[in-house]
Amino acid sequence: MPAASVKEYTFTWEGTDRKGMRVKGESIGPSDSVIRLSLRKQGINPLRVNRKTVLFSGNKKIKGQDIAAFSRQLATMMGAGVPLVQALEIVGRGNPNPSMSRMILDIRVNVQAGNSLAESLARHPRYFDELYVNLVNAGERSGALETLLEKIATYKEKTEAIKKKVKKALTYPAAVIVVAIIVTTILLYFVVPQFASLFQSFGGNLPAFTQMVVNLSNFVRDEWWVIGGIAIAAVVAFIQAHRRSLEFRRAIDRMMIKAPIVGDILYKSAVARFARTLATMFTAGVPLVEALESVAKAAGNIVFTEGILNMRNKVATGQQLQLAMQQSGIFPAMATQMVGIGEDAGALDTMCSKVADFYEEEVDIKVDNLSTLLEPLIMVILGILVGGLVVAMYLPIFNLGKAI
């Protein structure tokens with residue numbers, strides 16, 4: 001059962017340890033009986049257990065960077081020799097995000113109760129996906145949890161960094177479009193009607209361009225509810241189609257990676273994510289076929305997901321990964337060649353890390369250059385919209401001056 005559907009509470013307790021010394025503290029769990037059982041397993045005889053506050057309601061947002069920071073902090077604590085339960089306690093109590101703090105302490109309670117860290121993380125699938133849980137599980141089974149936590153922390157930091165860069169790349173043009181629509185709407189709704197009432201006193205026919213703008217302004221003012229309804233219906237239809245139709249998602253994802261300006265950023269970020277995830281999985285000792293399945297789920301683009309799953313099927317029959325990548329047709333030649341070198345040299349994880357580093361740097365450069373590339377486009381768009389409306393409004397005045 002997902003943890004978000006189970007209420008957890010903070011309990012204050014007092015008891016005696018094995019030496020008969022009085023101890024007290026706070027623990028998290030679903031009931032006082034669970035807390036008492038957990039304390040007895042630690043050698044503490046509970047004398048008093050009282051519920052303090054509700055712990056986890058699941059309604060506050062936990063971001064990807066919170067998970068990345070948690071991964072690094074836990075890896076650092078474990079690397080310093082701090083026991084897992086104590087490390088979770090320290091990281092949880094010191095986290096500035098209350099929801100994240102509560103979730104970490106919930107994980108600590110489950111580990112304290114005898115569950116593995118992977119099982120405890122799996123109770124929060126919204127924040128710890130199958131890939132994350134599998135990597136932790138591999139570390140626990142191999143006895144190299146500290147090393148794997150370091151790898152996971154690096155992986156999460158890199159993937160979150162690339163997501164932030166991609167989001168930045170998409171936000172900038174979206175903001176330009178929104179500003180242009182808002183400015184145009186304000187001019188059509190408030191400014192143009194003022195000029196239209198002035199033009200009525202002139203008499204005669206308005207220039208065609210001006211008349212077209214006035215008609216558009218009248219439509220916006222009179223039929224704004226139709227425009228709003230169509231816009232809302234379009235958004236709802238898009239969301240539903242994206243959720244229900246595989247073909248629609250495939251078409252959108254394919255269009256995104258081929259779009260001008262931002263398409264190259266999205267494509268290279270997908271290649272970097274593939275390489276980074278595969279390197280992390282392979283370093284953890286996960287077999288290549290199983291690793292490719294996890295990589296496909298973390299691809300973030302259905303075109304890459306389907307291509308990687310097809311590669312997995314070919315690799316499972318004995319085909320080399322390099323050849324499977326070439327036949328997929330979705331990976332650049334340089335990435336394919338470097339993976340081939342890594343396969344031949346027995347250093348696939350190292351080469352995949354180098355591929356990821358290269359394409360992450362490419363994405364970084366592309367995003368930094370995006371604002372420079374879009375500045376002329378912004379000027380053109382705003383110039384056409386605002387300048388066009390201004391010209392349309394002043395054309396009748398110019399014509400009147402000529403007539404006089």
Side-chain angles (χ1 to χ4, degrees), residues 68 71-72 75-76 78-79 117-118 129-162 267-301 303-364:
S71 305
R72 173 60 63 190
T76 302
M78 293 289 292
L117 178 60
D129 56 18
E130 185 179 340
L131 173 63
Y132 196 110
V133 173
N134 287 343
L135 286 170
V136 171
N137 187 41
E140 289 183 302
R141 285 182 304 175
S142 63
L145 182 58
E146 298 171 18
T147 303
L148 259 296
L149 282 172
E150 286 283 350
K151 298 291 184 183
I152 294 169
T154 301
Y155 166 73
K156 290 298 294 183
E157 289 165 353
K158 294 285 188 180
T159 53
E160 285 304 316
I162 203 80
Y267 174 73
K268 289 181 176 179
S269 69
V271 174
R273 189 182 300 114
F274 161 81
R276 180 68 63 193
T277 310
L278 183 59
T280 305
M281 294 293 290
F282 208 70
T283 302
V286 180
L288 182 57
V289 174
E290 185 180 340
L292 285 172
E293 185 170 358
S294 297
V295 171
K297 294 177 181 178
N301 183 294
V303 175
F304 275 83
T305 296
E306 293 178 341
I308 296 168
L309 288 175
N310 187 42
M311 287 163 46
R312 179 207 60 181
N313 296 334
K314 292 179 179 179
V315 171
T317 63
Q319 191 174 101
Q320 276 193 321
L321 177 60
Q322 179 190 13
L323 183 58
M325 288 177 66
Q326 288 176 340
Q327 293 175 352
S328 71
I330 59 175
F331 291 98
M334 195 202 78
T336 303
Q337 291 169 358
M338 290 186 69
V339 167
I341 294 171
E343 276 190 299
D344 294 339
L348 183 59
D349 54 340
T350 302
M351 276 301 175
C352 282
S353 293
K354 291 184 181 297
V355 171
D357 290 338
F358 175 80
Y359 283 100
E360 284 166 358
E361 186 176 353
E362 284 282 295
V363 170
D364 200 13

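Residues Asp357 and Arg276 are paired through a salt bridge, judged by an N-O separation under 4.0 Å between the basic side chain and the carboxylate. The existence of a salt bridge linking Arg72 and Glu150 is confirmed by a sub-4.0 Å separation between a basic side-chain nitrogen and an acidic carboxylate oxygen.
Side-chain contact check for Tyr359 and Ser269: no donor-acceptor pair (N or O, by modelled atom type) lies under 3.5 Å. In summary, the side chains of Tyr132 and Ser71 do present a donor paired with an acceptor at a separation below 3.5 Å, with no hydrogens or angles considered.
In terms of modelled atom types and a separation under 3.5 Å, the side chain of Glu293 and the main chain of Arg312 share no donor-acceptor contact. Put simply, the side chain of Glu343 gets close to the backbone of Leu321: a donor and an acceptor are under 3.5 Å apart. Under the 3.5 Å distance criterion, the side-chain polar atoms of Thr283 are left unmatched by any main-chain donor or acceptor of Asp349.
Residues Val271 and Glu360 are not in side-chain contact: their nearest non-hydrogen atoms beyond the backbone lie 4.5 Å or more apart. Inter-residue side-chain proximity for Val286 and Ser294 is flagged as unmet; no heavy-atom pair is nearer than 4.5 Å. Side chains of Tyr267 and Pro332 form a contact here, defined as non-hydrogen atoms less than 4.5 Å apart. Looking only at side-chain heavy atoms (C-beta outward), Leu348 and Leu288 come within less than 4.5 Å of each other. Residues Tyr155 and Leu131 meet the side-chain proximity criterion, which asks for heavy atoms closer than 4.5 Å.
Atom CD of Gln319 has more than 12 heavy atoms from other residues, nucleotides or ligands within 6.0 Å. In the displayed structure, Lys354 atom NZ is contacted under 6.0 Å by at most 12 heavy atoms of other residues, nucleotides or ligands. Crowding of Lys151 atom NZ: a count of heavy atoms from other residues, nucleotides or ligands under 6.0 Å not exceeding 12.
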Review point. Where do Asp344 and Gln320 land on the side chain to side chain contact (heavy atoms under 4.5 Å, CB included) test, with the steps shown first?
Key: CA-CA 10 Å; Asp344 294 339; Gln320 276 193 321; 3.7 Å; yes

Practice item. Quick one: do Met351 and Val339 satisfy side chain to side chain contact (heavy atoms under 4.5 Å, CB included)? Show the steps, please. Key: CA-CA 6 Å; Met351 276 301 175; Val339 167; 5.9 Å; no

Point to revise | Residues Leu278, Leu292; criterion side chain to side chain contact (heavy atoms under 4.5 Å, CB included); working and verdict | key: CA-CA 7 Å; Leu278 183 59; Leu292 285 172; 4.2 Å; yes

Exercise for review: Give the C-alpha distance, both sets of side-chain angles, the deciding distance and a yes or no for side chain to side chain contact (heavy atoms under 4.5 Å, CB included) between Ile330 and Phe274.
Suggested key: CA-CA 11 Å; Ile330 59 175; Phe274 161 81; over 6 Å; no

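Here Asn310 pairs with nothing under the side-chain hydrogen bond (donor to acceptor under 3.5 Å, both in side chains) rule; sequence neighbours left out. In terms of the side-chain hydrogen bond (donor to acceptor under 3.5 Å, both in side chains) criterion, residue partners of Glu362 (sequence neighbours excluded) are, by chain and number, Lys268.
Lys297 NZ to Glu130 CD: the interatomic distance, rounded to the nearest 0.5 Å, is 3.5 Å.
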